[in-house]
Amino acid sequence: MAENEEIDVAIVGAGVAGITAALYAKRKALSVRLFESKALGGQAAEAVWVENYPGVTKAKGAQLMQRMSEQLKEFGVEAEEAAEVTGIEKKGNLFELDINKGEEKLQAKSVVLCTGGKYRLLNVPGEKELYGKGVSYCATCDGPAFKDKTVAVVGAGNSGANAALFFAEICKKVYLIEFSEKPGFDSVYEKPLKETKVELMTNTQVVGIEGEKHVTGIKYKDKSQEEKRLAVDGVFIYIGMQPNNELAKKLGLKLNEKGYVSVNQSNKTSMEGVFAAGDITGQLAQIVVAAGSGAIAATTAFEFLKGLK
Ligand SMILES: Cc1cc2nc3c(=O)[nH]c(=O)nc-3n(C[C@H](O)[C@H](O)[C@H](O)COP(=O)(O)OP(=O)(O)OC[C@H]3O[C@@H](n4cnc5c(N)ncnc54)[C@H](O)[C@@H]3O)c2cc1C
């Protein structure tokens, strides 16, 4: 691609929101580029099963994202993978994007931020040291290596329950550990969790992860406040997400109190020409919502660009 190329819309992040925004922008005959720092799919690619996206009765998250990618290619857009937008600046009426720290610079008339979220850390001793050695944040990515082993899933929200069910199919023993008195997962998870080998431990706080070359166990405190140990081979942490808001901060966009990008109903941010969609806006973190807001953001970007002509 040419240095200092100028395009209509640069979309950052090829999760559900970014893919949908690219699809809608391209159908409006805009020149589009879609940048993805990792691989296409975002969080949805990690879902073991997706059952709540209308029109798709049941599909593996990775399969669903593959189908979205194919649909996008039909429209002539290919997500550029391993292409992180490392800088973004407003220069006059244009935005200058820096890809992979100087590998490429391009000018865009508008930007749609779809940077989603990342895993929240437990911040306990052993977590960083044993990352990749039994500590993980992604059951779909790293889980298969734990076949016939014992794992602890930390955090009993929907993502944690989803991970625990995945492990129940392959592991010897699965603990689902929750800090609060009650788990946060939806009622649909109750029955399958009971039917499988998952042992739910509430009022339990993980205070450390043990092991040298690999995880051997966790240290935790329950209601008794005594420190106890549990032997496990893997620890999968699902205690929520935080926004990937670095670019939004660089642009000086208005963020809400939790660090998510503030948008109006048309997915406009506080800066003219910049739109945001999906989990980065702090909306309900669901595929259908990310898709809907990606569509709105691209449509609003189109309206904005029409006004520039
Ligand atoms: C395990 C799991 C299971 C789930 N199951 C379901 C389910 O069954 N049903 C449902 O509706 N929802 C589910 N969700 C939630 C749903 O997946 C998300 O709400 C939705 O996918 C968010 O999409 P997004 O495009 O906004 O963000 P993300 O999916 O987070 O995508 C953002 C993308 O932006 C990229 N990125 C970030 N910064 C940059 C940068 N600077 N440059 C380039 N790229 C960048 C990231 O790498 C990422 O690929 C699940 C989530 C998880 C984690």
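In each ligand, atom 1 is the first atom listed, and ligand 1 is the first ligand listed. If you read the sequence from its start, that first residue is 1, and numbering goes on from there.
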List the closest protein heavy-atom neighbour of [atom]: residue, atom name, distance to the nearest 0.1 Å.
atom                    : value
atom 23 (O) of ligand 1 : Ala290 CB, 3.8 Å
atom 34 (O) of ligand 1 : Gly13 CA, 3.2 Å
atom 31 (O) of ligand 1 : Gly15 CA, 3.6 Å
atom 46 (C) of ligand 1 : Glu36 OE2, 3.5 Å
atom 42 (N) of ligand 1 : Val85 N, 3.0 Å
atom 26 (O) of ligand 1 : Asp279 N, 2.8 Å
atom 11 (O) of ligand 1 : Ile287 N, 2.8 Å
atom 27 (O) of ligand 1 : Gly116 CA, 3.4 Å

With heavy-atom distances below 4.0 Å as the criterion, list the atoms of ligand 1 near [X].
X      : result
Val12  : 40 (C), 42 (N), 43 (C)
Ala83  : 43 (C)
Cys114 : 32 (C), 33 (C), 34 (O)
Ala285 : 15 (C), 19 (O)

Are side-chain N/O atoms of [X] and [Y] paired as donor and acceptor at under 3.5 Å?
X      : Y      : value
Asp222 : Asn203 : no
Asn267 : Thr300 : no
Ser136 : Asp142 : yes
Glu51  : Thr57  : no
Thr86  : Glu84  : no

Is the [X] ring parallel, tilted or perpendicular to the [Y] ring (thresholds 30°, 60°)?
X      : Y      : value
His214 : Phe146 : tilted
Tyr131 : Tyr137 : tilted
Phe236 : Phe167 : tilted

Judged on heavy-atom distance to [atom], which of [options] sits nearest?
atom                    : options                       : value
atom 37 (C) of ligand 1 : Thr281, Val288, Ile99, Thr115 : Thr115
atom 12 (N) of ligand 1 : Glu81, Lys58, Glu84, Gln286   : Gln286
atom 3 (C) of ligand 1  : Gly61, Ala47, Ala45, Gly278   : Ala47

Looking only at distance, does [X] have an N or O less than 3.5 Å from an N or O of ligand 1?
X     : result
Ser37 : yes
Gln43 : yes
Ala17 : yes
Val16 : yes

Which bit of [X] is near ligand 1, meaning a heavy atom under 4.0 Å away: side chain, backbone, both or neither?
X      : answer
Trp49  : backbone
Ala139 : neither
Ala44  : both
Asn52  : side chain
Leu247 : side chain

So is Gly294 touching ligand 1 or not, going by heavy atoms under 4.0 Å?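 False for this residue.
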Please step through side chain to side chain donor-acceptor pair (under 3.5 Å) for the pair Thr204 and Glu178, ending with a clear verdict. CA-CA 6 Å; Thr204 304; Glu178 171 59 40; over 6 Å; no
Apply ring-ring contact (aromatic ring centres under 6.0 Å, His included) to Phe302 and Tyr24, showing your working. CA-CA 9 Å; Phe302 172 73; Tyr24 272 68; over 10 Å; no
Within 45° of the six-membered ring axis of Tyr175 and under 6.0 Å from that ring's centre, is NZ or CZ of Lys173 located there? yes
Check for a donor-acceptor pair, side chain of [X] on one end and backbone N or O of [Y] on the other, with a separation under 3.5 Å.
X      : Y      : value
Tyr189 : Gly157 : no
Ser224 : Glu226 : yes
Glu127 : Asn123 : yes

Looking at atom 50 (C) of ligand 1, would you say a protein heavy atom lies below 4.0 Å from it?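 False for atom 50 (C) of ligand 1.
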Member of Val174, Val153, Leu193, Leu176 meeting the side chain to side chain contact (heavy atoms under 4.5 Å, CB included) criterion with Leu165: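 With Leu165 as partner, Val174, Val153, Leu193, Leu176 yield a single side chain to side chain contact (heavy atoms under 4.5 Å, CB included), made by Leu193.
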